[in-house]
Amino acid sequence: MNESLFGQIQNAAKYLNLDLNAQEMAQLAVNRGYSEENIQAVAEMLMYLQQKKKENIVSTLLRLSRLPLKEPKTFEGFDFGQLNGKQADALKNLPALSALYAHKNLAFIGPQGVGKTHLAMAYGR
């Protein structure tokens with residue numbers, strides 16, 4: 001049997017808050033005579049449930065954020081060609097979300113109509 005398959009099952013089960021480890025699943029497979037196809041089916045089902053849980057979490061967070069769900073503001077919908085000034089290059093790199101992963105604060109400052117709210121909503125999304 002493929003050990004990485006049992007690892008995938010363990011990781012998906014952990015994400016789903018199930019108390020199931022790779023060794024326990026392997027023992028179950030031996031005791032019940034599961035084929036590799038059976039184990040693959042279990043892994044695929046758990047990974048499907050993991051993906052579904054992730055999608056539900058994202059959906060719930062978006063709904064609670066009160067960001068517009070109809071016609072959402074995205075980085076793709078923003079015209080970065082209109083930017084100018086000292087920080088224009090930094091704003092063009094905003095879709096990479098490097099400031100988010102670096103735990104840096106952002107402040108969008110400027111006159112009305114330049115896209116501060118659009119960028120903030122896209123960043124929040």
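These numbers come from a predicted model, not from an experiment.
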Do the side chains of Gln8 and Leu5 get nearer than 4.5 Å, heavy atoms only?
yes
Sort and list the pairs that fulfil ring-ring contact (aromatic ring centres under 6.0 Å, His included) and have at least one residue in residues 39-88, not counting sequence neighbours.
Phe78-Phe80, Phe78-His118
Within a radius of less than 6.0 Å around NZ of Lys92, do more than 12 heavy atoms belonging to other residues, nucleotides or ligands occur?
yes
Tell me whether Val114 shares a hydrophobic cluster with Leu94, the cluster being built from Ile, Leu, Val, Met, Phe, Trp, Tyr side chains joined at under 4.5 Å.
no
Contacts table for residues 13-30: side-chain donor-acceptor under 3.5 angstrom, sequence neighbours left out:
from, atom 1, to, atom 2, distance (Å)
Asn21, OD1, Gln23, N, 3.2
Asn21, OD1, Glu24, N, 2.7
Gln27, NE2, Asn31, OD1, 3.0

Membership question, hydrophobic clusters at under 4.5 Å side-chain separation (ILVMFWY): are Tyr34 and Met47 in the same one?
no
Hey, can you pull the donor-acceptor pairs under 3.5 Å for the side chains in residues 95-112, sequence neighbours left out?
none

Any luck finding a side-chain donor-acceptor pair between Asn56 and Ser59 under 3.5 Å?
no
Counting only N and O atoms by type, is there a donor-acceptor contact under 3.5 Å from the side chain of Ser4 to the main-chain atoms of Gly7?
no
I need the Arg32 CZ to Asn38 CG distance, nearest 0.5 Å.
11.5 Å
Can you name the residues that form a side-chain contact (heavy atoms from CB on, under 4.5 Å) with Asn11, not counting sequence neighbours?
none
Which atom pairs, donor and acceptor, lie under 3.5 Å between side-chain atoms of residues 61-68 and protein residues at least two apart or in another chain?
from, atom 1, to, atom 2, distance (Å)
Ser65, OG, Leu62, O, 2.7
Ser65, OG, Leu67, N, 3.2

Those residues that, when tested against Glu44, pass side-chain contact (heavy atoms from CB on, under 4.5 Å) (two or more places apart):
Gln40
